[in-house]
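This report refers to the structure that appears directly beneath it.
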Amino acid sequence: MRANDEAAAALQEYAELFALCGGDAFRVRSYQKAAKAIAGFPEDISVVDVRGVPGVGEAIAKKMEEFLQRGSFRQLDDLRGRVPDGVRRLTRVPTLGPKTAIMLFEDYGIDSAVALSEAITAGRLDGVKGLGPKTLANLLKGIEQLEQSGRRVHIGVAMSLAEQVMGSLKAERIAYAGSLRRMKDTIGDIDILAVAPESIMADFRAHPYVAEVIAAGDKKTSVRTTSGIQVDLRVVPAGSWGAAMQYFTGSKEHNVAIREMAVKKGWKLSEYGLFEGERVIAAESEEDIYAALGMRFVPPPMREDGGEVKAALRGELPVLVELSDLKGDLHTHTNLTDGVASLADMVAAGHAQGYAYYAVTDHAPDLTMQRMTLDKALEQRGQVAELQRKYPDMRLLHGTELNIAPDGSVDWPGEILREFDVCVASVHSHFGMSREEMTRRFIAACENPYVDIIGHPTTRKIGKRSAVDADWDAIFRAAARTGTAMEIDSFPDRSDLPSDLVRLARHHGVKFSIDSDSHAIPHLVNQRFGVGVAQRAWLTTDDVINTWPLDRLLTFLGR
DNA sequence: GCCGTTTTCGGCCCGACTGTTTTCAGTCG
């Protein structure tokens, strides 16, 4: 982990412990805000002054400096001594907050989810003030869920479910909000807003995808679906649609910042609108609300309180890359290796996307299970040339996805690589190398003059495999120096690079390629997820090589 | 704790739902 991430994690832990000890809620918020700002700060705080991070004042700066010195700070040590870590983890149980957690610990010695579960089962908490039978039953259920599936799902799963739910309901207006609309790579639960008669709630609860109704009210219904994901449906007044979308899209931190601005103008912003006293200033559209506050419209993926509010006020928001800006896909497979569609079918599907160029990049011989040979690759090149005549308006690029060996070398020597139009190089094995070895491995690949793009750089698989350990600062410096692009692999269980690393890479001057890594025709449209990652990192078309016109792209590829 | 075209002190977002405490606290987003 980067120093920033470690320091931020310690500060976040301190915020939680501080809340458990009954600390002032505003101070808790200050710590949380600063922790988030530090984690997202592009400069290494072990090098630059942490006081330069927004939300970090003298007191937090001192704590962070002590943390960088010795891996902790005095106040954190004190609170760790007072509250066992298990008590902090208790608040991960849904509906169990800091007040209840600390009461359970101080009055009953409960310091873990297991201990709580046992205490409830044994009846030790019967009759405790504030904990009625329903509350206890809910806590037991929450613990069970936490143990089973306390984790988030990737955006591909969440998006499909949201689209299924929206398609199943009749409404005048319906849309998803929340972290899904912000295009986060993982989603905890799905927020759907609707303008509809109240009967939509009963319809919603009756659908077969509902496994359990968690809450049922006039304005909000929460269910757990058969896939284990929570979906909240909210009915909002038509006249408040924009205010509701703005509010429920979040992030919470972004909304706090926006509301504070409203308050300073003597106004009030809620999910029902922007008000001056009783008078409605704006409510029907998000655009009106941002305009009334004197700022540019903030695209949802930017709404993370990461500087977008200031930029929007100054009219300095970047023009984000959009899905429609993509002129091609530079990483796709066919059934010559592990794809499931033929070359002709994949190219036809790429053409149907309206692309100006399309690269075929099947695997190379070092992934022996793919049974690729030079002869096969050259034969495919002939087929690509043949197909090119059928698509005069789309340039076909014959490429390959190379395998980066542990020593950083790739499948073929330079004289063969130079004949490909584009070379993607990726790590497919030896994920557990040390940070130093892994860093050298990637830098060597960047320094190969024929490697144009590093594919799915962290090799993570959300929910299955964590990112490899590497010094990304060093790798991105090498990529910027050698003109090697980093891929944003749009496959939703990869979303790789993740947006925080994209931001870091951009800071070093790296360019990006947003690729589908398609192994089948339906995968081509995953590009929308990759664009979401790019937008969260504030990328513009200038940062993304496959938004460029063909000439500029070919110059970058240097063939 | 942080922050300042309103402030160096006094604010810091706001509403819904649940369970249970017959008027509200805790939690969540």
Side-chain angles (χ1 to χ4, degrees), chain A residues 11 14-15 18-20 22-37 50-51 53-64 75 90-104 127-139 141-142 177-182 187-193 201 213-222 230-237 240 243-244 246-275 293-294 303 305 309-310 313-314:
Chain A
L11 193 55
Y14 182 63
F18 195 79
L20 281 167
D24 176 68
F26 294 113
R27 283 175 63 183
V28 173
R29 207 179 94 189
S30 293
Y31 297 136
Q32 288 174 331
K33 219 175 154 174
K36 201 160 168 267
V50 70
R51 287 167 186 78
V53 181
V56 175
E58 196 49 39
I60 291 178
K62 284 235 163 62
K63 292 178 176 66
M64 293 296 91
Q75 297 88 339
L90 266 184
T91 61
R92 305 278 187 271
V93 177
T95 75
L96 203 169
K99 293 277 197 298
T100 311
I102 200 68
M103 182 275 288
L104 289 170
V128 173
K129 188 168 174 291
L131 300 181
K134 284 189 175 174
T135 303
L136 293 178
N138 280 341
L139 286 175
K141 207 153 60 172
S179 53
L180 186 58
R181 185 164 177 240
R182 300 202 313 278
I187 308 292
D189 52 33
I190 296 171
D191 297 296
I192 293 177
L193 305 192
M201 294 305 198
V213 178
I214 300 166
D218 292 346
K219 301 205 163 76
K220 176 188 162 188
T221 294
S222 295
Q230 182 174 328
V231 179
D232 294 351
L233 175 65
R234 296 168 196 272
V235 172
V236 307
S240 305
Q246 198 288 320
Y247 182 79
F248 289 111
T249 295
S251 67
K252 190 178 175 183
E253 291 77 9
H254 174 83
N255 286 354
V256 167
I258 298 291
R259 282 180 178 226
E260 281 174 1
M261 286 175 42
V263 167
K264 280 181 185 144
K265 290 179 187 280
W267 300 343
K268 186 185 77 169
L269 178 62
S270 75
E271 57 264 52
Y272 296 107
L274 179 61
F275 299 94
L293 290 169
R303 299 182 192 171
D305 195 26
V309 172
K310 252 184 202 162
L313 280 169
R314 292 182 187 145

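Just so it is clear: chains get the letters A, B, ... in the order the sequence lines come, proteins before strands, and each one is counted from 1.
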TODO: Side-chain contact test, heavy atoms from C-beta onward, threshold under 4.5 Å: evaluate it for L131(A) versus L104(A) and give yes or no.
DONE: yes

Task: dT7(B) versus dC2(B) - spacing of their C1' atoms, nearest Å - done: 13 Å

Open item on the list: Taking only the C1' atom of each, what is the distance from dG29(B) to dT22(B) in whole angstrom?
Closed with: 28 Å

Open item on the list: When the P atoms of dT6(B) and dG11(B) are compared, how many Å lie between them, rounded to an integer?
Closed with: 16 Å

Task: D191(A) to G178(A) - nearest heavy-atom pair and separation - done: OD2-CA, 3.6 Å

Open item on the list: Under 4.0 Å, heavy atoms only, any strand: does D189(A) hit a base, just the sugar-phosphate, or nothing?
Closed with: sugar-phosphate

Open item on the list: Can you tell me the base-pairing partner of dT8(B)? Count Watson-Crick or G-U wobble geometry only, both distances below 3.5 Å, and say none if there is no partner.
Closed with: none

TODO: Figure out the NZ/P separation between K129(A) and dC24(B), and round it to whole Å.
DONE: 13 Å

TODO: Indicate, with a heavy-atom threshold strictly under 4.0 Å, whether K63(A) touches base, sugar-phosphate, or nothing.
DONE: sugar-phosphate

Task: Atom pair distance, as rounded to whole Å: CZ in R51(A) and P in dG1(B) - done: 14 Å

Task: Atom P, compared across dG4(B) and dT18(B): separation rounded to whole Å - done: 40 Å

TODO: Any chance you could measure L96(A), atom CG, to N138(A), atom CG, to the nearest 0.5 Å?
DONE: 11.0 Å

Anything under 3.5 Å between a protein N or O and an N or O of nucleotides 16-18 of chain B, put it in a table, one pair a line.
unit_1	atom_1	unit_2	atom_2	d
dA16(B)	OP1	Y272(A)	OH	3.2
dC17(B)	OP1	K219(A)	N	3.4
dC17(B)	OP1	K220(A)	N	3.2
dT18(B)	OP1	A216(A)	N	3.0

- [ ] Could you work out the separation of dC17(B) and dC12(B) based on their P atoms and round it to a whole Å?
- [x] 25 Å

Task: P spacing across the pair dC9(B) / dA16(B), given as an integer number of angstrom - done: 38 Å

Open item on the list: I want to check something: taking the side chain as every heavy atom from C-beta on, are Q32(A) and L11(A) in contact at a cut-off of under 4.5 Å?
Closed with: no

Task: Atom pair OG1/NZ of T91(A) and K99(A) - distance to nearest 0.5 Å - done: 12.5 Å

Show me the donor-acceptor pairs, under 3.5 Å and distance only, between side chains in residues 248-259 of chain A and residues at least two apart or in other chains.
unit_1	atom_1	unit_2	atom_2	d
T249(A)	OG1	R181(A)	NH1	2.7
T249(A)	OG1	M245(A)	O	2.6
S251(A)	OG	E253(A)	N	3.4
S251(A)	OG	E253(A)	OE1	3.4
S251(A)	OG	H254(A)	N	3.2
S251(A)	OG	R303(A)	O	3.0
H254(A)	ND1	E308(A)	OE2	2.7
H254(A)	NE2	Y290(A)	OH	2.9
N255(A)	OD1	Q246(A)	NE2	3.1
N255(A)	ND2	Y247(A)	O	2.7
R259(A)	NE	L269(A)	O	3.3
R259(A)	NH1	L269(A)	O	3.2
R259(A)	NH2	L269(A)	O	3.3

Protein and nucleotides 25-27 of chain B: nitrogen or oxygen contacts under 3.5 angstrom:
unit_1	atom_1	unit_2	atom_2	d
dG26(B)	O3'	T100(A)	OG1	3.4
dT27(B)	OP1	G97(A)	N	2.6
dT27(B)	OP1	G97(A)	O	3.1
dT27(B)	OP1	T100(A)	N	3.1
dT27(B)	OP1	T100(A)	OG1	2.6
dT27(B)	OP2	K99(A)	N	3.3
dT27(B)	O5'	G97(A)	N	3.4

- [ ] Summarise protein proximity over nucleotides 2-13 of chain B in one line of letters, 5' to 3': B for base, S for sugar-phosphate only, - for none, counting protein heavy atoms closer than 4.0 Å.
- [x] SS--B-----BB

Open item on the list: Taking dC13(B) as the reference, what is the distance to dC3(B) when you measure between their P atoms (whole Å, please)?
Closed with: 14 Å

Open item on the list: Please report the distance separating the P of dT8(B) from the corresponding atom of dG15(B), rounded so that it comes out in whole Å.
Closed with: 29 Å

TODO: Take R29(A) and E260(A), measure what salt bridge (charged side-chain N to carboxylate O under 4.0 Å, His left out) needs, and give me the verdict at the end.
DONE: CA-CA 14 Å; R29(A) 207 179 94 189; E260(A) 281 174 1; 2.8 Å; yes

- [ ] Please identify each residue that fulfils side-chain hydrogen bond (donor to acceptor under 3.5 Å, both in side chains) with R92(A), with sequence neighbours left out.
- [x] E16(A)

Task: Heavy-atom pair of closest approach, residues S270(A) and A243(A) - done: O-CB, 3.8 Å

Task: Whole-Å distance separating the CG atom of L274(A) from the P atom of dC14(B) - done: 12 Å

Task: E58(A)/K62(A) salt bridge by N-O under 4.0 Å criterion - done: yes

Open item on the list: Under the rule for ring-ring contact (aromatic ring centres under 6.0 Å, His included), what residues qualify as partners of F275(A), not counting sequence neighbours?
Closed with: none

Open item on the list: Is a donor from one side chain sitting under 3.5 angstrom from an acceptor on the other, for D232(A) and S222(A)?
Closed with: yes

